[in-house]
Protein chains: 2
Amino acid sequence: MEREPPPSAPRRPTMRDVAARAGVSFKTVSRVVNGEPGVSAALAERVRSAVDELDFRPHPGARVLRRTDRRTASIALLLEDVANPFSAALARAVEDEAVPRGVVVFSASLDEDPGREREFVREFGARHVDGLLLAPAGADQSYLAAELRAGTAVVCVDRPARGLEVDSVLTTNTLGARDAVRHLVAAGHRRIAFLGDRPSIDTARRRFQGYRDGLGEPVDPRLVVHDLRAPGDADGAVTALLTGPAPPTALFTAQNLVTIGAVRALRRLGLEHVVALVGFDDFLLADLLSPGVTVVAQDPAAIGRIAAGLLFARIAGDRGPPQTRLVPTTLVRRGSGEIPPRE
Amino acid sequence: MEREPPPSAPRRPTMRDVAARAGVSFKTVSRVVNGEPGVSAALAERVRSAVDELDFRPHPGARVLRRTDRRTASIALLLEDVANPFSAALARAVEDEAVPRGVVVFSASLDEDPGREREFVREFGARHVDGLLLAPAGADQSYLAAELRAGTAVVCVDRPARGLEVDSVLTTNTLGARDAVRHLVAAGHRRIAFLGDRPSIDTARRRFQGYRDGLGEPVDPRLVVHDLRAPGDADGAVTALLTGPAPPTALFTAQNLVTIGAVRALRRLGLEHVVALVGFDDFLLADLLSPGVTVVAQDPAAIGRIAAGLLFARIAGDRGPPQTRLVPTTLVRRGSGEIPPRE
DNA sequence: CAGTTTCGTGACAACGTTGTCTCGCACGGC
DNA sequence: GCCGTGCGAGACAACGTTGTCACGAAACTG
C-alpha cells in the first residue's frame, strides 16, 4: 500500500490570484498587464505591486489561445546539425536577432534526413511557432505550402526550397567555387581534382558547377570524386588520387570535413607543400596549419542575420513576393592554395 | 483608401472540424487522439481518417491548459554560447536524448551574463517548460528555488549551482588540471606557467586548484595569469612571459581559446618546439598542428547525455536527493606536452 | 422478464487568458 | 434639476482542449 503525498501541487500564480491580492477583478489585472488604457493610476499601482509580490507572469498557452494575433513569440531553427560550426554560427546569429524582439528559439538537427525534416516541421507547426528557419534536407519542400497556409512564416537558409516559392538566403556557391578553381588555374594548375559531398545536396551540386566554370576546359572525370561526407572518406579518396596514375597537382575540396580529410591525407603522404589545396568553407585554426589552408570562406553569421530579418518581416505581415538573398564568399589566401604545380 | 482583403484568416483545424467531418462529437475525437478506451472500432476509424484528411494536430497550448500533468513536452537549454564547440556538442547530445521522448528544445546563450541568465530562466519558466538545463553564468542561483517550487525541473551542467541544491553534471576539472601539470612535471618541467580564464568562473577556479595540486611545490605568482578570455589576451600574456626574465619552460592553458592564443604566440616566437604546452579542453585539428597539441579532453556529449537523463528522470517524478555526476577527462598526448625542458 | 451492470457516446465545465458588452457613476450642458 | 456623455470597472463569452458526469442501449443477473 504505497502512497505518494502530492507535494501541494505546484502551481504558478494566475490573474485571479493577483486580482484577489489587489482587491480588483481579474479583468483589471489583464488590462494592467497588457498596458491597456482605462485603469485609474491608483488601481494600476495596486495591481503592479501585487504582480511583483507574486512574481506573476501571464500563461503563454492561455494567452495565445485567446489573442487575435495568435502569436507565440517563438521560432524554430531546423539546421543540418547544431554541433557543426557552420550551423552553430548561424544559430547564434539568429538568436541574436530573436532575443531583442522577445522571441525564443527552438532548435533541431536534421542530419540530412528528409523524414526528420518533415516530422520537425509538423511538430513545430503544430506548436504554432510564428516562423520556421529551415535548411532543407529533402529533395522536395512542396509540403510546406500547408504550413504557409496555416500562417507559419518560412525562410530557407543555405539551401533553397524545391517545389515551393519562399524567401531564401544562400551562399554564392557557384561563384565561390569558380573563384577557388580560377585561383588555382591562375597559379598554373591544370590537373585540379574535385572532392565533394553528395550531389543530391544543392550546395554540393552548385560547387561542382563552379568547379567546371572555373576550369574553363573539359573536366577529367578521373579527377572528380563525389559522395564524400566524413574526413575518413576524403582521406581515402585523396590518397587514391595522389598515389594513382596521372595524379592532380591541386585539390579543390568542396566541403569542410572533406578539406580536413584532405589535409590529413596530404600530411601523411608528405605532400602538403607540394600539392595545392583550396577548400570551401573556413574552419578554426586553418591559419595555424603549415601551410595555412587557403579557403573560400562563407559567412554563416550573415546568413543567419539576414534570414532572421526576412523571417521577422514576414511575421510582421510582409506579403511581398519571395526573395532570394545571396551572401558572397571570400577567398582567404593562407599558403596551401598558392603552391605552384610541381615541375 | 487602402484595404487589405484578409486572406481568409489562416487557421488550423480543431477537434470540432474533425468531429464535423467524422459525424461525431468533438469529445470522441479527443478520446481517439489521446488513445483513451471506450470508442468503438468503427467510429475510431472514421475519426482517424478525418484526422488524416484535415492533417489535424491538437493545439499544445489548449492541451497544456487543461491537462492535469501540465506537461509542455519542452525543455530549455541555457549555455554559455551555442556557437562555441563545447556548448554545441553538449546541445546536440541533449537534443538526441529529447527527440526520442517527443520533447522539443529551446536554446539560448548566456554570454557569461548573470542578468541574461535570470531573464531567460524567468522567460522559460513562464513558458512552462518541463525542465531547464543550465550552465550558470551568475554567482548565485538561489533564485531558482522559485522555479523548482513552481514545478520546473532543473539540472546544472559544466558548473554547479551556488546557493541551491540541484542535480549537476560536471567535468573533473581539478583532477584533469592536476594530471596535465603532473604530466609536465614528469617530463622534467619545474617552471610551468598557468594561463586561465576569470577565477570567478567555477571551472577556471578549479583548474587553477588542479594546477597547484599538480605542481606539488609553491606557486610562483609571476607564472600565473588569470582573466584571459579571447585568444588575443592569451597571445599577449604568453608573449610577455616568454620574452620576460626567467621564462617558463612549459605552459598549462586552462581554457580552449587561451590554448589557441598560446599556440599563436609560440608560433610567432618560433618556440613551438621548445616550450611545452598542455591545454584544457580539446579542439578540432589539434592533432594536425606541428607539434600536435597535447590536451586534457573533456567529453561534452557525455555531459549532455547524462544531464538530460537526470532531467527527464526528475520530470518523470524522481524526488531523490540532488546528485552530482562527474565526467572524467582524458589526457591526449600529441607532442606539445612531451617536449622536455630546455637545458 | 424485471432489475442491474456495463459500455459507448455526448453534454458540459474548466483551464487562464483576451475581447466585447454592460453597468454605474461623476460630469457637463441647457 | 434633468438628461445625455464619457469613463472606469466588472461580468461574461470564447479560444481548443481534457476531465467529469449523465444518459440511453445493450448485455448480463437471478
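Chain naming here is simple, since letters A, B, ... match the order of the sequence lines and numbering starts at 1 in each. What's counted below: heavy atoms across the whole structure, side chains too, no hydrogens, waters or symmetry copies.
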So which protein nitrogen or oxygen atoms get under 3.5 Å of nucleotides 22-26 of chain C's nitrogens or oxygens?
none

Carboxylate-amine/guanidinium proximity below 4.0 Å for [X] and [Y]:
{"X": "A:R63", "Y": "A:D69", "answer": "no"}
{"X": "A:R92", "Y": "B:D111", "answer": "yes"}
{"X": "B:R314", "Y": "B:D167", "answer": "yes"}

Rounded distance (Å) that lies between atom [atom2] of [N] and atom [atom1] of [X]:
{"X": "B:M15", "N": "D:dT17", "atom1": "CE", "atom2": "C1'", "value": "6 Å"}
{"X": "A:R46", "N": "D:dG8", "atom1": "CZ", "atom2": "P", "value": "16 Å"}
{"X": "B:E36", "N": "C:dG10", "atom1": "CD", "atom2": "P", "value": "14 Å"}
{"X": "B:R70", "N": "C:dA14", "atom1": "CZ", "atom2": "P", "value": "15 Å"}
{"X": "B:R67", "N": "D:dG19", "atom1": "CZ", "atom2": "C1'", "value": "11 Å"}
{"X": "A:R16", "N": "D:dC12", "atom1": "CZ", "atom2": "P", "value": "11 Å"}
{"X": "B:D69", "N": "D:dT17", "atom1": "CG", "atom2": "P", "value": "16 Å"}
{"X": "B:R66", "N": "C:dC12", "atom1": "CZ", "atom2": "P", "value": "16 Å"}

Check: So does A:R63 get a side-chain nitrogen or oxygen closer than 4.0 Å to the phosphate oxygens (OP1/OP2) of C:dT18?
Finding: yes
Note to self: With a cut-off of less than 4.0 Å, is there a side-chain N or O of A:T14 near OP1 or OP2 of C:dC15?
What the structure shows: no
Item checked: Sugar-phosphate only, base, or nothing, as touched by B:R12 at under 4.0 Å among non-hydrogen atoms -> nothing
Check: Can you tell which of D:dT17, C:dT18, D:dG19 lies closest to the side chain of B:T68?
Finding: D:dG19
Next item on the list: Could you check which of C:dC12, D:dG19, C:dT20 has an atom nearest any side-chain atom of B:F26?
Entry: C:dC12
Notebook entry, point to check: According to the ring-ring contact (aromatic ring centres under 6.0 Å, His included) rule, which pairs have a member within residues 13-49 of chain A, sequence neighbours left out?
Noted result: none
Note to self: I'd like to check the ring pair (Phe, Tyr, Trp, His ring centres under 6.0 Å) partners of B:F106; sequence neighbours left out, ordered by chain and number.
What the structure shows: A:F106, B:F124
Check: What is the distance from atom NE2 of A:H128 to atom OG1 of A:T152, rounded to the nearest 0.5 Å?
Finding: 7.5 Å
Next item on the list: Can you pull out how bent the helix from C:dC1-D:dG30 to C:dC30-D:dG1 is, comparing the axes over its first five and last five pairs, to 10°?
Entry: 50°
Set of salt bridge (charged side-chain N to carboxylate O under 4.0 Å, His left out) partners for [X], sequence neighbours left out:
{"X": "A:R70", "answer": "none"}
{"X": "B:R48", "answer": "B:E45"}
{"X": "A:R31", "answer": "none"}

Tell me, please, which residues at least two apart from [X] pass side-chain contact (heavy atoms from CB on, under 4.5 Å).
{"X": "A:T203", "answer": "A:D158, A:R159, A:N173, A:I201, A:R207"}
{"X": "A:V327", "answer": "A:V169, A:D299, A:A302, A:I303, A:I306"}
{"X": "A:E53", "answer": "A:R21, A:S49"}

I'd like a table of atom pairs between the protein and nucleotides 6-9 of chain C - only N or O on both sides, under 3.5 Å - with the distance next to each one.
unit_1, atom_1, unit_2, atom_2, d
C:dT9, OP1, B:S40, OG, 3.1
C:dT9, OP2, B:S40, N, 2.6
C:dT9, OP2, B:S40, OG, 3.3

Margin query: Under a plain distance cut-off of 3.5 Å, with no hydrogens placed, do A:E80 and A:S87 share a side-chain donor-acceptor pair?
Written below: no
Margin query: Among residues 52-61 of chain A, which ones have heavy-atom contacts with DNA chain D below 4.0 Å?
Written below: none
Margin query: Suppose we call a contact any N or O donor and acceptor under 3.5 Å apart; does that hold for the side chain of B:K27 and the base of D:dG19?
Written below: yes
Notebook entry, point to check: Cation over ring, A:R118 on A:Y143, under 6.0 Å and within 45°?
Noted result: yes
